[in-house]
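Values below: all heavy atoms of this structure, side chains included; hydrogens, waters and symmetry mates excluded. In what follows, every chain begins at residue 1, and chains take the letters A, B, ... in the order their sequences are listed.
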There are 2 protein chains.
Amino acid sequence: MPETLQERVARLIRDSLGEPGSALPSEAELVDRYGASRNTVRAALAALEAEGLITSSQGRTRRVRQIHRWEWKMAEWERAHNNDGDAWANTIKAQGGIPKNDLSILTIQAPAEVAKALQIPEGTPIQARNRLRWVNDEPHQLSDSYFPPFVTDGNELFWNPSDLGVQGGLLAATGHKQARWHDTLTARMPSTEESQRLMMAPGTPLLVHTRVGYDAEGRPVRYMVTRMAADRVEVSYDLDA
Amino acid sequence: MPETLQERVARLIRDSLGEPGSALPSEAELVDRYGASRNTVRAALAALEAEGLITSSQGRTRRVRQIHRWEWKMAEWERAHNNDGDAWANTIKAQGGIPKNDLSILTIQAPAEVAKALQIPEGTPIQARNRLRWVNDEPHQLSDSYFPPFVTDGNELFWNPSDLGVQGGLLAATGHKQARWHDTLTARMPSTEESQRLMMAPGTPLLVHTRVGYDAEGRPVRYMVTRMAADRVEVSYDLDA
DNA sequence: TTATCTGGCTTGTTGGAACAAGTTGCTTCG
DNA sequence: CGAAGCAACTTGTTCCAACAAGCCAGATAA
């Protein structure tokens with residue numbers, strides 16, 4: 001099967017990309033250079049954008065995309081979390097970034113996925129803590145935590161929004177210290193809403209992390225889902241034999 | 001800023017998507033239904049495809065995409081790996097899948113990324129073990145391992161390709177048992193080559209896992225990079241406080 | 001009955017054109 | 001000198017048209 005013209009143009013452009021941040025030729029020049037129509041050139045450029053290689057916006061020349069990832073240390077993080085303050089913020093600060101936090105607390109009816117993780121009936125009223133984290137005034141991740149009723153019931157502490165970033169500490173403070181965690185990681189393309197909220201460039205996947213925390217008795221005390229722009233973060237774990 | 005026509009059409013189609021696997025209306029019908037040109041309808045459909053919501057191929061009607069992810073247990077995996085056979089294959093079998101393995105062994109000059117991880121000079125000749133793993137005759141992941149010279153030198157075992165899936169066991173057998181690991185996870189869009197090798201559908205990101213294994217003396221004895229089709233796998237970790 | 005073929009469906013590729021809208025730098029005016 | 005404004009770029013949106021190519025089912029032939 002022969003290569004189509006737009007594939008050929010895409011390949012030629014891809015191979016001629018310069019340094020990150022450098023400008024691409026304009027569409028008009030690419031039309032001249034490769035003898036293809038603007039439609040074809042634009043199809044090729046759209047493919048490169050979907051691969052996450054270039055950026056584009058109306059009026060400005062396209063540029064080679066540049067990415068920097070912040071490391072998020074998962075193993076350290078939660079253990080520290082059981083004790084002191086916002087370990088995520090500390091991780092970012094240690095890498096020279098300025099972290100920020102938006103938190104909203106609400107009561108919802110447990111959706112299927114949450115109910116399954118927390119081993120409670122679907123529709124049970126539970127507390128959700130939805131967090132939007134920023135680094136250098138750039139939105140970074142949407143981190144939503146859910147707690148089962150037996151943990152939050154009668155605990156005023158859980159309704160205090162000034163207690164930033166310390167859900168682990170919150171659990172420890174209320175006698176439900178986490179003893180074990182089960183994490184999953186996968187990736188998918190963002191919905192339009194997620195893309196807008198995280199100000200994600202086209203061609204950027206979403207890295208999705210879930211964590212279920214269990215207490216010493218093995219009961220799930222917390223379910224957390226974190227959605228991150230994959231070009232801005234790298235998750236890490238340290239393991240021992 | 002008003003919604004463009006193709007955005008509007010994309011949104012309307014997105015909201016009318018049926019069950020996974022169900023067929024979409026043809027382009028011609030969408031043109032009629034929304035009063036937009038074929039170009040515009042196709043732009044909307046391309047956006048949905050880039051979001052990973054639908055599939056398309058020439059001649060066949062588009063369908064709502066359906067995904068199933070296999071779990072890959074990272075924490076268990078390597079610890080078992082230090083001892084017995086192919087733990088990855090066992091994990092897949094336990095979930096009802098049929099695993100398969102392609103292995104090729106070669107000597108390369110350490111590229112920058114590998115050299116940094118193994119703490120050796122760039123360009124050092126090292127052994128690379130490139131693995132392609134399948135599940136149910138579907139390509140699943142590209143897993144490349146690299147070993148520093150002091151581990152492989154004079155060890156015939158490392159050149160035996162029949163010893164599938166036991167690099168951890170290989171290290172243990174040759175006196176370089178791994179004591180600690182450092183993992184990182186991130187995601188990006190695949191290159192065309194990766195997309196072809198893994199037979200990935202458009203709109204599917206690549207989940208990239210790296211692991212550096214250290215021996216008891218803290219020397220890196222192995223660097224592994226695994227690239228997975230994100231719609232076919234979910235990585236998991238179990239952690240203790 | 002079975003295998004083949006063909007016509008009519010589907011999506012894919014490529015061209016053309018016109019206008020809209022955002023950016024940038026130069027020129028001109030106060 | 002500074003600010004406003006304009007001209008000339010850039011990419012974005014939307015239409016139209018024609019043909020290529022893959023798929024499938026029903027009709028036809030062995």
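Nearest nucleotide to the side chain of A:R38, out of D:dT11, C:dT14, D:dT14: D:dT11. When each of C:dT14, C:dT24, D:dG12 is scored by its nearest atom to the side-chain atoms of A:S56, the top-ranked nucleotide is D:dG12. Closest contact between the side chain of B:N39 and the listed nucleotides C:dT13, D:dT11, D:dA17 involves D:dA17. Side-chain proximity of A:Q58 to the nucleotides C:dA21, C:dG12, C:dT14 is greatest for C:dA21. Counting only heavy atoms from C-beta on, A:E27 has its side chain closest to D:dG12 among D:dA17, C:dG12, D:dG12.
Ring pair A:W70/A:H140 is perpendicular by interplanar angle, where above 60° counts as perpendicular and below 30° as parallel.
With respect to B:E194 and B:R188, a salt bridge is recorded, a charged nitrogen being found less than 4.0 Å from a carboxylate O. Note on B:K116 versus B:E122: no salt bridge recorded, every NZ/NE/NH1/NH2 to OD/OE distance being 4.0 Å or above.
Atom-to-atom distance recorded for B:T226:OG1 and B:L207:CG is 9.5 Å, nearest 0.5 angstrom.
B:S26 has a side-chain polar atom (N or O) that falls below the 4.0 Å cut-off from OP1 or OP2 of C:dT10. Of the side-chain N and O atoms in A:S57, none sit less than 4.0 angstrom from OP1 or OP2 of C:dG22. Dashed line: the shortest gap from a side-chain N or O of A:R60 to OP1 or OP2 of C:dG22 is not under 4.0 Å. OP1 or OP2 of D:dG12 sits under 4.0 Å from a side-chain N or O of A:R42.
Going from atom CD of B:Q6 over to atom P of D:dT11 covers 17 Å, rounded to whole Å. Between the CD1 atom of A:I54 and the P atom of D:dT10 there is a distance of 15 Å, given to the nearest Å. One interatomic measurement links the two molecules: CG of A:L45 to P of D:dT11, which rounds to 8 Å at whole-angstrom precision. Atom CG of B:L30 is separated from atom P of D:dT14 by 16 Å (rounded to the nearest Å). Straight-line distance from the CD atom of A:E49 to the P atom of D:dT11: 12 Å, rounded to whole Å. Taking atom CG of residue B:L5 and atom P of nucleotide C:dA20, one finds them 16 Å apart after rounding to whole Å.
Ranked by how close their nearest DNA chain C nucleotide is to the 5' end, A:T4 and A:G59 are led by A:T4.
Judged by distance alone, the side chain of B:N136 and the main-chain N or O of B:I98 form a donor-acceptor pair under 3.5 Å.
Using a 4.0 Å heavy-atom distance criterion, A:A36 is classed as a sugar-phosphate-only contact.
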